[in-house]
Amino acid sequence: MRIAIVGGGLGGLTLARILHRHGIDAVVYEREVTRSARAPGGSLDLHPESGQRALADAGLTERFRSEARPQGEEHRILDPAGRTLVHHRPDPGSFAGRPEIDRGALRDLLLDSLPADAVTWHRRLVAVSPHPAGGFGLTFDGGHRADCDLLIGADGARSVVRSLLTDATPSAISTLVELTIRDADRDHPDVAEMVGPGNLWGMGARQVLSAQRLGDGRIRVGVSLPAVGHPVDTYRRKRALLDLFDDWHPRLTALIHAADGSPAPRTIEAMSTDIRWAHRPGVTLIGDAAHLLPPVGEGANQAMRDAADLAVRLAAAPADPDAAIRAYEEAMFARIRPIAEMSARVHAMMLSPTAADDIVRFFAPRPTGT
Ligand SMILES: Cc1cc2nc3c(=O)[nH]c(=O)nc-3n(C[C@H](O)[C@H](O)[C@H](O)COP(=O)(O)OP(=O)(O)OC[C@H]3O[C@@H](n4cnc5c(N)ncnc54)[C@H](O)[C@@H]3O)c2cc1C
C-alpha cells in the first residue's frame, strides 16, 4: 500500500516515524525546500497524555528528555501595573508535568529518527484527483506528480487535502504581533530576569503582552489583540505597538523596546469546535488540517496524538486500513470537541475586558468537594 502524508510538520513527521517503527513505509511530501528552510519558531510544552505519549510510541522519550526544559514550565502573570498575580515554579528537573521544548529541536528530533528518503522536500501539493478504482493522484507545484492508495492530510491550517472531506474553513480569531530579543541576558538583563526561564503574560483589557524564553536564550515577545479593530498592517512598527501600552508599567513595555528588528504581525485563525466529516475511503486528516485550534497550548500536542493514534490503528489492521481510519476519526472527533471548546473559552478569556481577574480565578486552587 502506498501511503502519502502531505505535510512534514509535527503531526506528519510523528505519523511517519511511528509507521516506520511498525515496518510501514510512507512518503512525506513537504512544501519547504529543505529541512532548514523554516524559521526556528517558538517553544512548546508537551503534555503527558498527548505530545509525550506520541513520543513514547515513537520510541523517542529519551531523546526528548535530553532536549526538553522542565524549568521552562515556570510562568508569571502580571497586571498592567507590573504587579505579579501568579508565579508558578515547577519542580526543578522533573519531567512529570509539561516540559518545554523548542519547536525546531522537536522537529529535528523527529526528522533524525526517519530514513533520509522518508521526506520529499519542495513538494507543495496543489491538487488531488481521486482515481476511479480507488487511491489518489497528487499534483505538486512545478508539475511533479505522485499516486497513493492512502492519503493523509497533515498540511496544517490551510490544508489542501481538507477540501476532500469537509467544507469547513478557519476564521480569524485574533491578531498576534511577534518580536524577538536576541540576547536578553547580555543586552537587557532586567528583562531577562523578569521573564525567567519560562513564560510571562501581562494581562490587560483585551490585550496581552507575553514573553517566552527559548532554549538558545532568545526571548519571543508576543502581543495578542482581538481580530476585530486590529488589522495586521497597523502593527508593522514598534511605535504603533507601544501606543497600545502607554499606560502600562515600563518594566513590561521594556519587552517591546528591547526587541530586535521590526514587529511581525499575523492573523490567528481557528475552526469551529464541532468539526466532523463523513468517512471517505482512502483519505483522512490529522492535526491543524483536521481541527485548527486557538493557540492556547493544545494544537501541536493534539496533532502528535492524532498521529500516534492513527499510526497505531493502521499498524494493528494492515489488511483493513479503512476500518483503522474510521475508528481513528470517531475517537479523534470525540477527543477534540471538549479540547476545542476549552481552547475557545481560554482564548476568549485571555482577550476579555476582565482578563487579569479571570485568569487569577482560573489558576486559583478550587475548594475541595466542588
Ligand atoms: C502563535 C502560536 C503558538 C502556538 N503554541 C502552541 C503551544 O505552545 N503548544 C501547542 O501544542 N500548540 C501550539 N500552537 C499550535 C501548533 O503550532 C499547531 O497546532 C501544530 O504545529 C500543528 O501541527 P501540524 O503538523 O498539524 O501542522 P503544521 O505544524 O502547520 O505543519 C504542516 C506542514 O505542512 C506543510 N504544508 C502546508 N501546506 C502544504 C502543501 N500544500 N503541500 C505540502 N506541504 C504543505 C507545512 O510547510 C508544514 O511543514 C501554536 C500555534 C501558534 C500559531
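Note that this is a predicted model, so its numbers are computed, not measured. Numbering of ligands and ligand atoms starts at 1, following listing order.
- The ligand atoms of ligand 1 that sit less than 4.0 angstrom from a heavy atom of V160 are 41 (N).
- When side chains are defined from C-beta on, Y235 does not count as touching V223, because their heavy atoms never get closer than 4.5 Å.
- A salt bridge links R335 to D306: at least one charged side-chain nitrogen sits closer than 4.0 Å to a carboxylate oxygen.
- Here V126 has no heavy atoms under 4.0 Å from ligand 1, in either its backbone or its side chain.
- R326 has no carboxylate O lying under 4.0 Å from a charged side-chain N of E330, or vice versa, which leaves the two without a salt bridge.
- Shown in contact with E298 at under 4.0 Å from a heavy atom are these atoms of ligand 1, numbered in order with element: 10 (C), 11 (O).
- For ligand 1 and G299, the ligand atoms under 4.0 Å from any heavy atom of the residue are 10 (C), 11 (O), 12 (N), 15 (C), 18 (C), 19 (O).
- Contacts of R305 classified as salt bridge (Lys or Arg N to Asp or Glu O under 4.0 Å), with partners at least two apart in sequence or in another chain: none.
- In this structure, D243 pairs ionically with R239, as a charged nitrogen and a carboxylate oxygen lie closer than 4.0 Å.
- For ligand 1, the polar-atom distance check against R38 finds a nitrogen or oxygen pair separated by under 3.5 Å.
- Those atoms of ligand 1 with a heavy atom of L10 less than 4.0 angstrom away are 25 (O).
- The existence of a salt bridge linking D108 and R35 is confirmed by a sub-4.0 Å separation between a basic side-chain nitrogen and an acidic carboxylate oxygen.
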Check step by step if salt bridge (Lys or Arg N to Asp or Glu O under 4.0 Å) holds for R213 and E100. CA-CA 10 Å; R213 178 72 77 153; E100 295 270 340; over 6 Å; no
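- Considering backbone and side-chain N/O of L125, one or more are found under 3.5 Å from N/O of ligand 1.
- Backbone and side-chain nitrogen or oxygen atoms of E30 are examined, and one is located within less than 3.5 angstrom of a nitrogen or oxygen of ligand 1.
- For ligand 1, none of its N or O atoms has an N or O atom of I286 under 3.5 Å away.
- Inclusion of A300 in the set of residues having an N or O under 3.5 Å from an N or O of ligand 1 is warranted.
- Closest heavy-atom approach to atom 14 (N) of ligand 1 among the candidates E100, R103, R31, E178: R103.
- Taking a cut-off of under 4.0 Å to the non-hydrogen atoms of G11, the atoms of ligand 1 that pass are 25 (O).
- Remark: H188 pairs with no residue by the side-chain hydrogen bond (donor to acceptor under 3.5 Å, both in side chains) rule, at least two apart or across chains.
- Near Y29, meaning under 4.0 Å from one of its heavy atoms, ligand 1 places the atoms 43 (C), 44 (N).
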